[in-house]
Structures are given as structure tokens and as C-alpha cells.
Amino acid sequence: MTMSEPYYITTAIAYPNGRPHIGHAYEAIATDAIARFQRLMGRDVRMVTGTDEHGLKMDQTARAAGRETLEFADEMSTYFKNMCSELNISNDVFMRTSDKRHHEASIALWQAMEASGDLYLDRYEGWYSVRDEAYYGEEELTEGEGGVKLSPQGTPVEWTVEESWFFRLSKYQDALLAHYRDNPDFIRPESRKNEVLRFVEGGLKDLSVSRTSFDWGVPVPGSPGHVMYVWVDALTTYLSGIGFPDKESDFSRFWPANVHIIGKDIVRFHAVYWPAFLLSAGLALPQQIFGHGFILARDGAKMGKSAGNAADPLELAERYGVDQFRYFLLREVNFGQDGSWSEEAIVTRSNAELANSFGNLAQRTLSQIFKNCDAYLPPIHGHTDEDNALFDLVGNTVSETIPTAFENLALSQAVEAWITAVSACNAYIDAQAPWALKKTDTARMETVLATLYICIAQLAVAISPIIPAGAGKMLDAMGVAPELRNFARIKSHWYSPLAEADFRLEQPQGVFPRLELPAEE
RNA sequence: GGCGGAGUAGCUCAGCUGGUUAGAGCGUCGGAAUCAUAAUCCGUAGGUCGGGGGUUCAAGUCCCUCCUCCGCUACCA
């Protein structure tokens with residue numbers, strides 16, 4: 001029974017009609033780093049991810065492969081679940097929209113919206129392309145040969161009428177605008193917010209929220225032949241993942257979510273439809289929607305299922321290391337903007353900062369303690385101004401700069417502040433030169449090594465949300481107890497007790513090896 | 001078309017409400033050191049801040065205009 005403050009974070013719910021690509025990995029990693037950070041701040045965290053398995057495309061993809069849709073979905077969702085474990089994602093829940101509990105949640109949400117009088121049966125009419133399985137607006141169409149109307153994709157369209165349930169989205173225009181105004185951080189980053197504002201200001205039309213052309217979805221209660229529009233049930237995952245509609249579940253403690261981490265391409269669904277659904281159902285709105293950018297190949301080509309050049313994130317993680325891959329993505333890409341990747345960039349970044357700067361700092365410090373202090377943590381014989389300056393810099397980075405950056409979801413800035421502090425440690429060790437003090441002043445040597453030991457432990461804890469495995473390994477080797485590995489406790493006086501407990505180092509081993517690019521074929 | 005971003009050293013980018021000689025990392029070149037994963041540290045070179053015009057004592061930072069790239073412009077997800 002914890003009394004700590006709850007924190008609820010989600011990734012978008014991935015549509016698994018293909019294997020996970022680097023964009024899915026990026027989102028999971030970023031969300032995981034934030035969740036891990038919040039845990040280290042002492043919060044009671046729930047992180048939910050999962051797969052959005054309904055909709056026409058899943059149905060079609062399965063059929064095209066001659067498979068049963070559910071069986072196909074079972075397999076595909078496994079890839080996403082595996083990705084989470086392979087990439088060291090600490091999600092508490094993996095929710096599939098095909099799950100029975102999820103259906104119950106979706107129906108409960110639907111009924112709540114219906115009870116508010118926001119759902120009505122009508123006909124949906126429009127220009128429909130059978131080929132694209134999509135409706136198009138009159139203004140989007142072009143005229144082909146013989147006056148035939150064509151979709152933007154150049155496929156023929158025909159006027160189609162379909163019975164559909166509608167959601168009174170138009171009714172919520174003012175309420176949404178008021179919410180955006182009263183909660184300036186509801187949509188981030190700023191550029192996404194502007195797009196949404198303009199979209200909503202432009203007027204909202206009611207939304208068609210059921211389909212009759214296929215049955216792979218959540219059945220609309222009391223309306224045979226209709227299944228819910230996939231977005232209605234997909235978004236509901238954020239509720240079902242914590243037990244909605246069961247009032248005795250985690251739902252009561254964790255809703256509303258602190259933040260939904262999503263791709264910039266689905267901001268509208270989260271910043272317009274979702275809050276409107278929740279308002280209608282009488283539920284609280286999430287505190288924030290954060291739309292991150294895309295990860296592009298360094299040549300500028302967009303990564304995507306259809307682009308054909310989608311790198312397999314698990315292959316990259318295996319080749320270069322999970323921590324290295326995570327570190328690269330969160331360090332190199334400004335969270336909220338697009339970024340690019342290449343194998344060379346991963347290797348360069350990882351070697352320069354994880355292997356050379358941080359890994360080697362730990363290795364040279366621990367090695368000297370191992371060899372010169374008989375592997376016992378050396379005592380401290382009073383600190384100099386130089387020591388205190390380093391403590392101040394590292395301490396301030398660990399307890400102020402990095403937490404502030406994480407709270408603002410400025411992930412790359414957090415890492416940048418971290419590496420700056422690491423560099424300060426390297427400058428310190430060079431200036432103090434404990435290897436020279438060994439011959440002239442062993443007491444001072446001991447103090448210098450102890451000072452570094454304390455700083456390295458703090459830095460390892462601070463970066464552990466980004467590189468949990470490597471940081472953990474390093475702290476294990478250093479004898480730092482698990483209960484000390486959070487932002488509050490690592491700043492306490494644990495060093496002397498550990499030294500006095502006669503803790504002894506094992507032969508130090510590098511945690512972050514230098515990487516090499518695979519040889520050209 | 002409309003609205004919104006972006007264009008800063010070879011590369012990737014910081015530069016908040018305008019104010020001393022425009023910053024960082026990587027890369028380059030030179031030096032130091034040798035505890036360490038040939039890792040580290042110090043220093044150097046390098047930019048008319050997309051073009052043009054304007055406001056101001058002062059503009060990368062505000063206004064106008066032009067060029068280039070990108071995003072949004074509702075029912076695939």
C-alpha cells in the first residue's frame with residue numbers, strides 16, 4: 001500500500017497490420033524512459049501500451065494472407081509484445097483491443113455517450129472508393145477521362161450511402177476550445193497545438209462512429225450489424241488498460257492519465273475526438289497529449305511500413321545493444337521534433353558518450369580503486385574546493401537540471417545535461433591526476449577516487465531511465481543498494497557506510513563496449 | 001489556395017520576452033597526459049545566422065517581401 005502520488009502514462013496503441021518499425025520502438029522507449037524517471041522520483045506509476053487490432057485493414061490483411069482475423073491478430077500482437085520485452089520496456093499492462101475486458105470497456109463508454117444523448121443513427125453519404133476503402137470530400141476529387149470522378153489516389157469513386165451511428169462532435173467545439181485555453185499544456189509541442197486549435201476553430205462536424213461494411217470490431221450495443229469505428233474503441237484502451245469500467249480497479253486511482261505519448265500524425269484523434277468522447281461520457285480529461293516526431297532514415301526517406309526501408313528495431317538493438325539503441329534515440333532526437341538515424345550515427349554517439357566518456361570514466365576510476373586501494377572503497381580525508389565544485393555541478397545536474405528536463409519531457413536536454421556533468425568528471429580526474437598522487441599523497445588520491453565514486457553513482461542513477469540495463473550493471477558492480485537507486489536517496493550519505501561495511505570491488509569490467517560498424521559487404 | 005513550422009560553423013543542432021567580440025557536440029589541426037574501453041584533458045581553425053528591404057542607439061532575435069523544405073487543411077489507421 002503506497003501513499004505516493006500516482007502517475008499514469010501511455011503509448012499510442014499500435015496498429016499491428018505489420019511488424020513493429022523503428023517508430024514504434026522510439027515511442028515505446030521514450031514512454032518507458034519517462035515512466036522509469038517518474039518511478040525514480042518516487043511516484044506510483046502505471047504504464048500502458050498495447051495493440052489496436054480492429055478495423056478494416058486488419059481484416060483485409062488477414063484475409064489476404066488466408067488467415068482467420070483473430071488468429072492473425074494474435075500473432076501480430078505478439079511481435080509488439082516481444083518488442084517491449086526485448087527493448088526493456090517497463091509497461092505494467094499490455095492491452096489488446098480484441099480482449100474481452102476491452103470490449104466491455106468500449107461498450108461502457110459507448111453507453112455513457114449514448115446516455116448523454118450524443119449518439120444518433122443516421123445515414124453517411126459520400127464519395128466512396130472501394131479500392132481505397134475510404135470516403136473523400138467533393139473538393140478532394142479530380143476529374144478523369146470521360147468525366148469519371150477520381151480519388152486523390154486516382155481510383156474511381158462512387159456515391160455511397162451507409163447507415164451509421166454519429167457522435168455529436170459539433171456540440172463540443174466550444175467546450176474543447178475552452179479546455180485548450182484553460183490548459184495551455186494540454187497539447188504539446190506548441191506547433192501541434194496550433195494545428196489543433198485552427199482545426200477546431202474551423203468548425204466541427206459530427207463524427208461517424210460505426211461501420212456496417214465489416215464485423216471485425218466491437219459490436220455496437222443494441223444495434224446488430226454495426227461495429228464501432230476503430231478509433232472509438234482504440235482510444236478506450238487508455239481506460240480499459242487500468243480496469244475501466246470496474247470502479248474498484250486501478251481506474252479510480254490512475255485516471256485521468258498524466259500524459260498520452262503519441263505520434264504527431266494522430267494528434268487530432270487524441271486532442272479532439274478523445275476529449276470530446278470523455279466529456280460526453282462524463283469522465284475526466286487526460287492532462288496532456290504529447291505528439292512526438294518521426295524517425296527518418298538519414299537519407300531523409302520516411303520510415304514506414306510502405307516505404308520498404310523500415311529498419312527492424314530489434315535487429316538494430318541486437319547489433320548495437322539495447323541501451324545503446326535507446327540512448328541514441330533519446331539523445332540524438334529532440335523529443336517532439338523529427339529526427340534521423342543511421343547505423344554510423346548510432347555507433348558514433350554510443351562510442352563517444354557511453355563508451356568513451358561515461359564507461360571509461362567509471363572504468364578508470366574503479367580500476368584505480370581496485371589496484372591502489374586493494375579493491376576497498378577509500379576513505380575521505382576532507383574535501384577541497386575542487387571536490388566541492390564537482391559535487392555542486394554533478395549534484396545540481398542530478399537533482400535539478402535532469403529532473404526538470406524530464407518533467408518537461410525534454411528528454412534530449414536531460415541527456416545533454418548528463419553528458420556535460422560526465423565531462424566535468426573527466427576534466428576533474430585529469431586535473432587531480434590520482435595516478436600521480438599515488439606516489440606523492442595517497443590520502444589525497446583516496447579522496448579524489450572517493451569523490452569520483454560518489455559522482456559516478458549519482459550519474460548512473462540519473463541516466464538509468466534511459467539506459468536501465470547498463471546503469472544497473474554499473475551500480476551493481478559498485479555495490480550501490482537497489483533502494484538507493486532513486487533521485488532522492490542517491491544524494492544521501494551512503495558512501496561512507498558502504499566503505500565502512502568493507503565492500504570490495506570485483507575486477508572492474510567495461511559496461512559499454514566500443515562499437516564498430518559492420519564491415520561493408 | 002489557407003494556416004503553421006523550419007532554413008545558424010564540414011555534419012547534427014542550441015540560441016527565452018532584441019543588447020558586450022554568434023554558442024555546443026561531432027569532425028579537422030596542434031599540444032598535454034598515460035590511471036583507463038588507443039579512452040581522457042587543453043587549445044586552434046571554421047559562420048556576411050536562406051536572399052533583399054525596413055524599424056531601432058542596437059536584430060540571428062521585430063516588420064515587409066522573395067526563395068527552398070516540411071506539417072495541418074476531418075471520418076485508412
Side-chain angles (χ1 to χ4, degrees), chain A residues 12-18 52-58 60 124 126 129 132-137 139-140 153 164 166-167 169 189-209 211 229-232 234 263-269 272-273 291 293-294 298 300 302 305 331-334 337-340 344-345 348-349 351-372 412-413 416 419-420 423 425-438 445 448-449 452 508-515:
Chain A
I13 307 305
Y15 201 69
N17 67 335
D52 166 22
E53 303 172 14
H54 295 312
L56 186 60
K57 278 208 172 150
M58 278 296 287
Q60 284 179 326
Y124 189 83
S129 163
D132 301 346
E133 298 287 356
Y135 283 96
Y136 293 101
E139 67 286 348
E140 294 180 88
Q153 266 64 254
S164 172
F166 278 82
F167 171 72
L169 184 62
E190 198 74 15
S191 54
R192 299 296 147 209
K193 173 181 168 178
N194 292 334
E195 287 175 4
V196 171
L197 277 178
R198 216 135 306 109
F199 174 75
V200 176
E201 283 163 357
L204 295 175
K205 288 193 276 187
D206 287 352
L207 187 69
S208 163
V209 289
R211 298 288 185 273
Y229 172 45
V230 283
W231 272 108
V232 174
K264 65 180 184 179
D265 53 332
I266 54 174
V267 167
R268 172 176 318 137
F269 300 98
V272 181
Y273 301 169
F294 292 147
R298 189 122 286 185
K302 180 177 173 180
K305 287 164 288 215
R331 162 62 163 140
E332 186 97 350
V333 181
N334 201 331
Q337 298 185 336
D338 289 352
S340 62
E344 191 185 359
T348 302
R349 184 62 82 177
N351 281 348
E353 299 183 0
L354 289 182
N356 297 352
S357 290
F358 187 57
N360 185 52
L361 169 69
Q363 184 67 6
R364 65 202 300 209
T365 302
L366 300 196
S367 291
Q368 288 179 78
I369 293 174
F370 185 76
K371 289 198 301 197
N372 303 332
S412 59
Q413 280 92 318
E416 188 174 13
I419 196 68
T420 299
S423 289
C425 290
N426 272 318
Y428 170 88
I429 196 172
D430 267 47
Q432 301 303 316
W435 49 88
L437 292 169
K438 181 175 69 172
M445 176 197 76
V448 167
L449 293 175
L452 284 164
Q509 291 188 327
V511 173
F512 303 105
R514 281 182 63 80
L515 303 177

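Here is the naming used below: chain letters follow the sequence lines, and residue numbers restart at 1 for every chain.
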Could you check how far CH2 of A:Trp231 sits from P of B:C76, rounded to whole Å?
12 Å

For nucleotides B:G50 and B:G15, find the distance between their P atoms and express it as a whole number of Å.
15 Å

Contacts of A:Leu207 and A:Gln337 projected onto RNA chain B by closest heavy atom; the upstream (5') one is A:Gln337

Rounded to whole Å, the CD-P distance (A:Glu332 to B:U12) equals 10 Å

Classify A:Gln432 by what it touches in the nucleic acid, base, sugar-phosphate, or nothing, heavy-atom distance under 4.0 Å.
nothing

With B for base contact, S for sugar-phosphate-only contact and - for none (protein heavy atoms under 4.0 Å), nucleotides 32-39 of chain B reads -SSBBB-S

Which value, in whole Å, describes the distance between the P atoms of nucleotides B:C64 and B:A6?
15 Å

Side chain to side chain contact (heavy atoms under 4.5 Å, CB included) filter on A:Ser367, not counting sequence neighbours, yields A:Gln363, A:Pro508

Residue whose nearest RNA chain B nucleotide is more 5′ - A:Arg331 or A:Ala427
A:Arg331

Is there a side-chain polar atom (N or O) of A:Gln413 under 4.0 Å from OP1 or OP2 of B:C16?
no

Round to a whole Å and report the spacing from CG of A:Asp338 to P of B:A6.
13 Å

Looking for any heavy atom pair under 4.0 Å, which part of the strands does A:Leu366 touch: base, sugar-phosphate only, or nothing?
nothing

Is there a side-chain contact between A:Tyr229 and the phosphate of B:A77, meaning an N or O under 4.0 Å from OP1 or OP2?
yes

Could you measure the distance from the CG atom of A:Leu207 to the OH atom of A:Tyr229? Nearest 0.5 Å is fine.
6.0 Å

Using a cut-off of 4.0 Å on non-hydrogen atoms, how would the nucleic acid contact of A:Arg211 be classed: base, sugar-phosphate, or nothing?
sugar-phosphate

Measuring from the side chain of A:Arg268 (C-beta onward, heavy atoms only), which nucleotide among B:C75, B:G71, B:U73 has the closest atom?
B:U73

In whole Å, what is the span from the CD atom of A:Gln60 to the C1' atom of B:A77?
12 Å

Which range-with-range stems can be found for RNA chain B when each stem has 3 or more Watson-Crick or G-U pairs in a row and both distances sit under 3.5 Å?
B:1-7 with B:67-73, B:10-13 with B:23-26, B:29-32 with B:40-43, B:50-54 with B:62-66

Please give, in whole Å, the distance from B:G23 P to A:Glu416 CD?
16 Å

Pairwise C1' distance for B:G30 and B:C35, with rounding to whole Å:
24 Å

So what does A:Asp52 hit on the nucleic acid, given a heavy-atom distance under 4.0 Å: a base, only sugar-phosphate, or nothing?
sugar-phosphate

First locate atom OG1 of A:Thr365, then atom CD1 of A:Ile429, and finally report the distance between them rounded to the nearest 0.5 Å.
4.0 Å

Length of the line joining A:Asn426:CG and B:C42:C1', which is rounded to integer Å
13 Å

Please give, in whole Å, the distance from B:U73 P to A:Asp265 CG?
10 Å

I'd like to check the side chain to side chain donor-acceptor pair (under 3.5 Å) partners of A:Tyr124; sequence neighbours left out, ordered by chain and number.
none

Between B:C41 and B:A24, how far is it from one P atom to the other, in whole Å?
15 Å

Between B:U73 and B:G27, how far is it from one P atom to the other, in whole Å?
41 Å

Rounded to the nearest 0.5 Å, what separation is found between the CD1 atom of A:Ile369 and the NZ atom of A:Lys371?
12.5 Å

Grab the two heavy atoms, one from A:His54 and one from A:Val230, that are nearest each other, plus how far apart they are.
C-CG1, 3.3 Å

Looking only at side-chain N and O atoms, does A:Asn194 come under 4.0 Å of OP1 or OP2 in B:G5?
no

Looking only at atom P, what distance separates B:G19 and B:G46, rounded to whole Å?
26 Å

Separation between the C1' atoms of B:U8 and B:C3, rounded to whole Å:
26 Å

One should read off an interatomic distance between A:Gln432 CD and A:Leu452 CG, to the nearest 0.5 angstrom, of 8.5 Å

The side chain of A:Phe199 lies closest to which of these nucleotides: B:A14, B:U73, B:C75?
B:U73

What nucleic acid atoms does A:Gly263 come within less than 4.0 Å of, heavy atoms only: base, sugar-phosphate, or nothing?
nothing

With A:Glu195, which residues qualify under salt bridge (charged side-chain N to carboxylate O under 4.0 Å, His left out), at least two apart?
A:Arg192

Hey, are the side chains of A:Asn356 and A:Arg514 touching, using non-hydrogen atoms and a 4.5 Å cut-off?
yes

For the CG atom of A:Leu366 and the CD atom of A:Gln509, what is their distance to the nearest 0.5 Å?
11.5 Å

Expressed in angstrom and rounded to an integer, what is the separation of A:Arg192 atom CZ from B:C72 atom P?
7 Å

How far does NZ of A:Lys438 sit from CG of A:Asn372, to the nearest 0.5 angstrom?
4.5 Å

C1' spacing across the pair B:A9 / B:U55, given as an integer number of angstrom:
29 Å

Residues in side chain to side chain contact (heavy atoms under 4.5 Å, CB included) contact with A:Asp430, at least two apart in sequence or another chain:
A:Arg364, A:Trp435

